[in-house]
Amino acid sequence: MFFLTTAIDYTNGSPHIGHAYEKILADVITRYRRLAGEEVYFLTGVDQHGQKVQQTAEKEGISPAQYVKTVTARFSALWKKIGVEYDGWAETTDLRHITCVQSILSDLHSRDQIYKKTYRGFYSVRQEQFLTDRDRDEAGNFGTEWGEVTEIEEENYYFKLSDHTPWLREFLQKSDDTILPAFRKSELINALEKNLGVDLCISRPKERLTWGIELPFDTDFVTYVWFDALINYISFVGYTPDPTLPDFESIWTDRPVHIIGKDILVPAHGIYWFAMLHALGFSDEKMPQLLVHGWWNRSGEKMSKSLGNIIDPAELADTFGSDALRYYLVRDIHTGKDSNFDAERLVMLFNTELANELGNLCNRALNMSVRFTEGVITPGGLLTADDTALQQSLIDNTAAYRKAMDNHEISMGLEALNRHVVHCNQYAERMKPWELNKNVENKNRLATVLQHLAESVAHCAVLLSPILPDAAVKLAAQLNLAKLTDLKLDDLKWGLIPNGHEIEKPFPVFPRIEVKVAE
RNA sequence: CGCGGGAUGGAGAAGUCAGGUAUCUCGUCAGGCUCAUAACCUGAAGACCGUAGGUUCAAAUCCUACUCCCGCAACCA
């Protein structure tokens, strides 16, 4: 089983383009692996607990539960709108999750992996948080934004992270495929070196935070962030067995892939989560791989609420369509790196690669078949060098596509697909089927050329299906081959269209976007 | 000496780990085609690959130094 997860989104605001990117990436990878014949389980969801949610809910005068429900609905509505289809949905207020978290906490507590300790530090009453040296200004004082700052003592529970960091360091150093892309690994190892002897605070006293999961062994505390959110990756696939959840052993068969943003690699996933799994007894062979993606920036700057340059993905989907948005978000970024969000490029890429190249290829090819051969596809006569070159291009580019997609490099997979489309357009230009049609003697040759184009469209529809499933269905419908979308990658051999098959009159699958981009 | 990422034709990127004629998309210019979504195809101009050194027969790629940009508190993928 290929088990894929995303980070769970914090329900303290509306979804933005980064949330959408991560989920689309996961959705595309899920669909691709299924196309490759693998069994896949895709889990995503929302992180609903914590101080920020509690504060925002109070500000709005509603209960945290009510607030979280509203925000969660916005997320799930967006996933529906942009075609993100998951098998499991994680909400951290779910009773099944709470049960699992508490059972893990009890277990670790009973094995002395969790202990109580007094912490002394500077506390901001206004912000309701402890301050660190990082919060000091240049003069070494805490600024007025913190309000009254007092030094207080507080008891809390700690996880013995330090028991596991030596193992983790060794594990990461010898593993080349745990952190993807590889260039993120050094950052993680550096951070680890600095934290070798440090343990992790995992609780908050209830006077400060009530919106969380109660510690089973001390009801004056709730658990804070890590032992809540991260555990979703196992709680929602039945780590604590539950009839309404999948069987854990059949989901977590080897190494799952967690798709996360670069901000939560260090320390959350790269250190805490691995250490937690190790404490729970997961072997090296069962440790997750982290696929770390970059950011969508705005003119080279980070997108943030404070800069006011947030982009609403739902709005984009309404304006340009879900296809254009999905295509752009996996096409114009290299997995792991940052990219600049640019609505003009979104329109440009849709119009050139989908409308002009692939869409138009489909349209011109099928239209000629309808007009010149009554829509009937037949292999025609002997193959020429041009025909075999086209078939070879399909083989080569399908291989390149698979290689790129296996490495989660969606943009390069699409490049390979486009290379074949361009090859087909060049082929059409050289073969000139519209000329061949002028003389009946060329009937066989004409049939061969049109068959090569139609066959190519069929292959392209399948290859495109992980990225744009709806469009793939439309392409298959035009070919009058609905079962095309049930094929697996290994079925992609020359001859998908049976001899004598009749196709439909085409219509543009990707109508050009003529919207003027505001700004 | 904090950590990491980046600097490649007008714009955006790939290529850098495993050195060997500089790649792709958009844009610009000139031509062609007419089956097609004013789509498609061909050709051209345009980059001494951030700077300065070094290694090498050969450097965007390896080494050294430097300059500039972006992240690393919060919102947050």
Side-chain angles (χ1 to χ4, degrees), chain A residues 6-10 12-13 15-26 52 56 127 129 131-132 134-136 143 145 176 181-191 193-194 259-266 292-297 299-307 310 331-334 336-340 342 344-345 347-349 351-372 409 411-412 415 418-419 421-422 424-437 446 449-450 453 506-514:
Chain A
T6 69
I8 51 175
D9 302 314
Y10 196 53
N12 189 38
H16 56 69
I17 199 79
H19 296 115
Y21 167 56
E22 182 177 283
K23 273 62 192 177
I24 289 171
L25 178 62
K52 286 285 172 329
T56 310
Q127 293 293 325
Q129 69 180 70
L131 304 178
T132 68
R134 276 180 157 172
D135 299 313
R136 293 175 193 272
E145 71 272 23
D176 287 329
F183 70 81
R184 297 255 176 235
K185 187 170 131 176
S186 52
E187 190 183 355
L188 177 55
I189 289 179
N190 277 333
E193 299 288 343
K194 284 189 193 159
I259 301 186
I260 59 171
K262 62 180 183 177
D263 60 322
I264 50 176
L265 170 63
V266 181
V292 185
H293 63 75
W295 303 98
W296 282 96
N297 297 319
S299 341
E301 284 183 320
K302 185 172 167 177
M303 232 178 263
S304 70
K305 285 179 188 170
S306 48
L307 287 173
I310 295 278
R331 177 69 184 91
D332 209 27
I333 191 166
H334 285 83
K337 298 197 174 181
D338 289 359
S339 190
N340 275 311
D342 183 341
E344 287 182 40
R345 285 185 62 80
V347 172
M348 181 273 278
L349 284 165
N351 280 346
T352 56
E353 296 185 352
L354 290 175
N356 295 353
E357 288 172 10
L358 176 58
N360 183 52
L361 171 69
C362 174
N363 200 234
R364 69 194 297 207
L366 301 192
N367 192 60
M368 282 190 279
S369 290
V370 168
R371 286 182 53 182
F372 301 161
E409 264 288 8
S411 67
M412 297 177 98
E415 267 176 33
N418 290 333
R419 271 197 300 277
V421 171
V422 169
C424 288
N425 276 320
Q426 293 168 334
Y427 172 85
E429 219 58 41
R430 265 180 294 121
M431 298 304 107
K432 301 192 193 329
W434 51 92
E435 290 286 332
L436 295 172
N437 184 51
L446 175 63
V449 170
L450 293 180
L453 293 176
F507 60 90
V509 173
F510 303 108
R512 286 177 61 86
I513 298 174
E514 304 294 357

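The sequence lines fix the lettering, A, B, ..., with proteins before strands; numbering per chain opens at 1.
- Taking the P atoms as reference points, B:C72 lies 39 Å from B:A59, given to the whole Å.
- Looking at heavy-atom distances under 4.0 Å, A:Phe183 makes contact with sugar-phosphate atoms alone, never a base.
- The CG-P distance, from A:Asn418 to B:A39, rounds to 17 Å in whole Å.
- The existence of a salt bridge linking A:Glu357 and A:Arg419 is excluded, since no basic side-chain nitrogen approaches an acidic carboxylate oxygen closer than 4.0 Å.
- In this structure, the separation between CG on A:Asn437 and NZ on A:Lys432 is 14.5 Å, given to the nearest 0.5 Å.
- When rounded to the nearest whole Å, the span between CG of A:Asn340 and C1' of B:A11 equals 11 Å.
- A salt bridge links A:Glu514 with A:Arg512: at least one charged nitrogen is closer than 4.0 Å to a carboxylate oxygen.
- Considering only side-chain atoms of A:Asp9, the nucleotide from B:U37, B:A77, B:C3 that sits closest is B:A77.
- Distances from the side chain of A:Lys52 to the nucleotides B:A74, B:C33, B:A36 place B:A74 closest.
- Closest to the side chain of A:Ala355, out of B:A36, B:U37, B:A77, is B:U37.
- Counting only heavy atoms from C-beta on, A:Glu187 has its side chain closest to B:G4 among B:G4, B:C76, B:C26.
- Atom name C1', nucleotides B:G6 and B:G15: the rounded distance is 15 Å, in whole Å.
- Counting only heavy atoms from C-beta on, A:Lys337 has its side chain closest to B:A14 among B:G4, B:C26, B:A14.
- Considering only heavy atoms from C-beta on, A:Leu358 stays 4.5 Å or farther from A:Asn418 through its side chain.
- Residue contacts for A:His293: at a heavy-atom cut-off of 4.0 Å it reaches a base atom on one of the strands shown.
- Checking B:U25 for Watson-Crick or G-U wobble geometry (two distances, each under 3.5 Å) identifies B:A11 as its partner.
- The distance from atom CZ of A:Arg184 to atom P of B:C3 is 17 Å, rounded to the nearest whole Å.
- Taking 3.5 Å as the limit, the base of B:A36 and the side chain of A:Asn360 contain a donor-acceptor pair of atoms between them.
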